[in-house]
There are 2 protein chains.
Amino acid sequence: MEKKTGKRAKGPTVRSVAERAGVSKSLVSLVMNGSKQVSEKRRDEVLKAARELGYRPNALARSLVSGRTNTVGVVISNVANPWWVALERGLSEELDRHGVRALLADPRMDPEVADGLVEAFLELRVDGMVFLGTQPVEEVARNASRVVPTVLTSFSRPIELPNVDCVNVDDEKGIALVLEHLCALGHRRIAYVDGSDRLVTSDNARLAAYLSQMERLGLSAEIRTDISDVPLNEDVGYDAARRLLGAEVPPTAIVAGSDLGALGILAAADDLGARVPQDLSVTGFDNTRLSSIRHVSLTTVDPNGREMGRLVAQCLAGRIESPDRPRRDELVEPSLVVRATTGPAPGR
Amino acid sequence: MEKKTGKRAKGPTVRSVAERAGVSKSLVSLVMNGSKQVSEKRRDEVLKAARELGYRPNALARSLVSGRTNTVGVVISNVANPWWVALERGLSEELDRHGVRALLADPRMDPEVADGLVEAFLELRVDGMVFLGTQPVEEVARNASRVVPTVLTSFSRPIELPNVDCVNVDDEKGIALVLEHLCALGHRRIAYVDGSDRLVTSDNARLAAYLSQMERLGLSAEIRTDISDVPLNEDVGYDAARRLLGAEVPPTAIVAGSDLGALGILAAADDLGARVPQDLSVTGFDNTRLSSIRHVSLTTVDPNGREMGRLVAQCLAGRIESPDRPRRDELVEPSLVVRATTGPAPGR
DNA sequence: TTGTACGCGTTATCAG
DNA sequence: CTGATAACGCGTACAA
C-alpha cells in the first residue's frame with residue numbers, strides 16, 4: 001500500500017516570519033492587516049522578513065476564523081454561448097469595488113456536475129452565489145439559496161424564491177424596440193421564432209412580449225410564431241425560417257429570440273435565395289460578438305449586460321450585509337442596435 | 001464606528017452532529033470519510049443526524065489540516081474569444097476523474113487583475129494553476145510556478161520555465177494541413193495574415209510554420225505576409241486583406257492565424273467584390289463556433305481543444321503527485337475542417 | 001508596543 | 001469500535 005501522496009510542503013507561516021524578524025506572531029498579524037499601532041521600524045522588519053520568505057497569508061485559516069472568504073461563486077449555465085461575457089465583466093468589476101472576487105464554474109450543461117460545483121463552493125464557504133443563465137441549474141439554485149446569499153440572473157422565465165434576488169433584461173421592452181423599428185420600416189407580416197426551456201413555452205417572456213406588442217401595434221392579425229420545444233439555436237432557427245418562408249404568404253420580417261437563432265434564419269434565407277434585407281429583415285437578441293461580425297452585421301437587442309452584472313453585484317453585496325432583507329427583482333433597460341439585416345419592407 | 005458586519009451564522013459542525021447522534025466527533029469524521037470500520041447502525045445514525053441538521057463539511061478546515069484543496073485555478077486570458085471552451089471542457093472532465101475541480105477566473109485582460117486573481121488562488125491554496133491563453137499573464141504565470149504546480153497551454157510562443165509543463169497545438173502541422181489543402185486546389189499565391197503578442201513577431205509559431213512550409217512546397221517565391229503588431233482580430237484581418245488584395249498581383253488564397261482574423265478577410269472580400277471561394281480562398285485557425293456558422297462556413301484548423309484539455313489535466317495531476325519531475329512539453333495533433341471558403345484556384 | 005492563550009472545524013493519533 | 005488530545009495557520013482579546 002502506498003501512502004496517498006503526503007501533504008504538500010508547507011510554506012512559510014506567521015510563525016516563521018515572526019521568528020525571522022525576531023518578533024511575536026501577533027505583531028506579524030497586525031502588520032499584515034495594516035494596523036496603525038506598530039512602529040515603522042518593526043513594520044519594515046516584518047515586511048522584509050515576509051518578503052524574503054515568500055510569505056503568503058493562508059486564506060483558509062483566515063476564513064476559518066473570520067467566517068468570510070470574500071469570494072463568491074458564479075455558475076455559468078452555458079459557457080459556449082458568449083452572451084454572458086459582458087455580464088460577468090460588469091459583475092466582476094463591481095465586486096472588485098467591494099473587495100470580493102468572483103470565481104467562475106462551468107457545469108458543462110450537466111445538472112449533476114452543477115450540483116457538485118455548487119457543493120464545492122458551499123464547502124469552500126463562499127460568501128455568495130450567482131447563477132447566470134437558464135435551465136439546468138434551477139433546482140440547484142433553489143437549494144443553494146437556503147444556505148447562502150444568492151442572486152439569479154438571465155433566467156428565461158420569472159422565478160420567485162424567498163431571499164433570492166433576480167436581475168433580468170426587460171424582455172418586453174426589448175421586443176417592443178424591435179417591433180417598433182420594423183413597423184417604422186413598413187413591415188406588417190412580422191413572425192417570431194424561439195425555442196423553449198423544459199417545454200414550458202407559456203413562460204417564455206420574449207414570446208409573450210411579442211404577442212402583446214403585436215397586439216398593441218394593431219397587428220394581431222399578422223401574428224405568426226414558430227416555437228421549438230428545445231432551446232433556440234442555429235439549427236432550430238434554420239428549420240423554423242424554412243417553414244415560415246415556405247408559407248403561401250411569407251413574412252417580410254422574422255424576429256428571433258436570440259442571435260444564434262437569427263443566424264440560422266440568415267442561413268435559411270441564403271439557401272432559399274431571399275436577399276437580406278431587401279426581401280427579408282431579420283433581428284436577433286443578445287448583441288453577442290456574433291452579431292457584430294461584419295460578415296453578419298445583425299440588427300439585434302443589446303441587453304446591456306455590463307449594467308446587469310453591476311446590478312447583480314450590488315444585490316449580492318447587499319444581501320451579504322443583510323441576508324433577510326426583502327427580495328429585489330430588477331429589470332434592466334435594453335437598447336436596439338441597428339445593423340444591416342433590417343431594411344424597408346419589400347415594395348415600399 | 002460600526003462593526004464590520006459580524007461573522008456569518010455558523011452552520012452545523014461535526015460537534016453538533018455528534019451530539020445529535022449521541023456519538024463522538026471522531027466517529028462522525030470517520031463516517032463522513034466513508035471509513036469501513038464503522039457499524040451499519042452507527043453510520044446510519046450519524047448520516048441521519050447530519051441530514052437533519054443540514055450538515056456540510058467545512059472544506060476550509062479540512063484543507064487546513066490535509067494540505068490539499070482538490071481544487072485548481074484556471075486563468076483564462078480572454079474570456080470573450082470562445083476558442084478556450086473546448087479546452088476547458090476536456091480539462092474539467094479529466095480533472096473530475098482525479099477528484100479535482102476547476103475554478104475559473106477572468107483577468108479581464110488586465111495584468112493587475114490577473115495578478116490579484118492568482119494571488120487569491122494561491123491564498124486559497126489551490127493544488128495547481130493553469131494558464132490558458134497568451135499575453136497578459138505570462139509574468140504572473142512565472143511567479144505562480146514557483147509556488148504551485150503550473151501548466152501553460154495555448155501560449156502563442158514557446159516558453160520554457162523550470163517545472164512548468166506546456167501543452168500546445170502543433171502549429172507547424174496545422175499550417176501544413178492548410179497549405180497542402182490549398183496546393184491541392186491549385187493555389188500558389190498563398191498569403192499569410194496574423195498579428196503578434198508584445199511585438200515579438202519572430203516568435204510567432206504559426207508564421208514560422210507558414211514560412212517553412214511554403215518553402216517545403218516549393219513556393220518560396222510566392223511568400224507574402226501581412227503581420228500586424230497587435231493581436232489578430234477582425235479589424236486587423238480586414239485591413240490586411242485590403243492591402244493584400246489591392247496589390248498588383250493579389251493572392252488567390254489567404255491563410256489567417258485565427259478564425260477571427262479570417263472573418264475580417266471575408267468582410268474585406270465582400271467589400272471589394274471578390275467572391276469566396278471562386279475568386280479567393282480563405283482559411284482560419286481554431287475552429288471556433290464562429291467558423292461553423294452556416295452563414296460563414298469557414299475552412300479552418302481544429303486544434304482538438306478537448307484533447308489538449310485532457311493533456312493539461314494529466315500534466316497537472318502528474319506534477320501535483322511529483323512536483324519536481326522533468327518538464328513535459330506536449331504537442332497536440334490538429335485536423336483540417338474543410339468548409340465553404342476554400343475552392344479551386346481561379347482559372348483552373 | 002508586545003507576548004500569551006484560546007478558538008475556528010477538521011483530521012490524525014493513540015490509548016481505552 | 002470509541003473518546004480524548006494535538007495539530008493545521010491565523011485572528012484577537014487580554015495581560016504584561
Revision key, fill the gap. Here the salt bridge (Lys or Arg N to Asp or Glu O under 4.0 Å) pairs for residues 95-104 of chain B, sequence neighbours left out, are A/Arg108-B/Asp96, B/Glu94-B/Arg97

Practice item. Would you kindly give the CD-to-P distance between A/Glu45 and C/dT1, to the nearest whole Å? Key: 14 Å

Every protein N/O lying under 3.5 Å from an N/O of nucleotides 10-14 of chain D:
residue, atom, partner, partner atom, Å
D/dC10, OP1, A/Tyr55, OH, 2.7
D/dC10, OP1, A/Asn58, N, 3.3
D/dC10, OP2, A/Val14, N, 2.5
D/dG11, OP1, A/Arg62, NE, 3.2
D/dG11, OP2, A/Ser29, OG, 3.1

Practice item. Take atom CG of B/Asn70 and atom P of C/dT11, then tell me their distance rounded to the nearest Å. Key: 12 Å

Exercise for review: Work out which heavy atom in A/Pro57 is nearest to a heavy atom in A/Met32; give both atom names and the distance.
Suggested key: CD-CE, 4.5 Å

Practice item. Measure from the side-chain heavy atoms of B/Leu27 and tell me the nearest of D/dT2, C/dT1, C/dG9. Key: D/dT2

Point to revise | Passing candidate, salt bridge (charged side-chain N to carboxylate O under 4.0 Å, His left out) with A/Glu45, options A/Arg43, A/Lys48, A/Lys41 | key: A/Lys41

Study note, to complete from the structure: Taking every heavy atom of A/Ala18 against every heavy atom of A/Lys25, the minimum-distance pair comes out as CB-N, 3.8 Å

Check your understanding: What does B/Val23 touch in the nucleic acid at a heavy-atom separation under 4.0 angstrom: a base, only the sugar-phosphate, or nothing?
Key -> sugar-phosphate

Check your understanding: Over how many whole Å does the gap from A/Leu64 atom CG to C/dG7 atom P extend?
Key -> 14 Å

Review point. Can you find a heavy atom in the side chain of A/Glu93 that is under 4.5 Å from one in the side chain of A/Arg306?
Key: yes

Check your understanding: Is any side-chain nitrogen or oxygen of A/Arg42 closer than 4.0 Å to OP1 or OP2 of C/dT1?
Key -> no

Point to revise | Rounded distance in Å - CG (B/Leu60) to C1' (D/dA7) | key: 17 Å

Practice item. Starting from P on C/dG9, measure out to CG on B/Leu53 and report it in whole angstrom. Key: 13 Å

Revision key, fill the gap. Between the CG atom in A/Leu124 and the CG atom in A/Leu103, the distance rounded to the nearest 0.5 Å is 8.0 Å

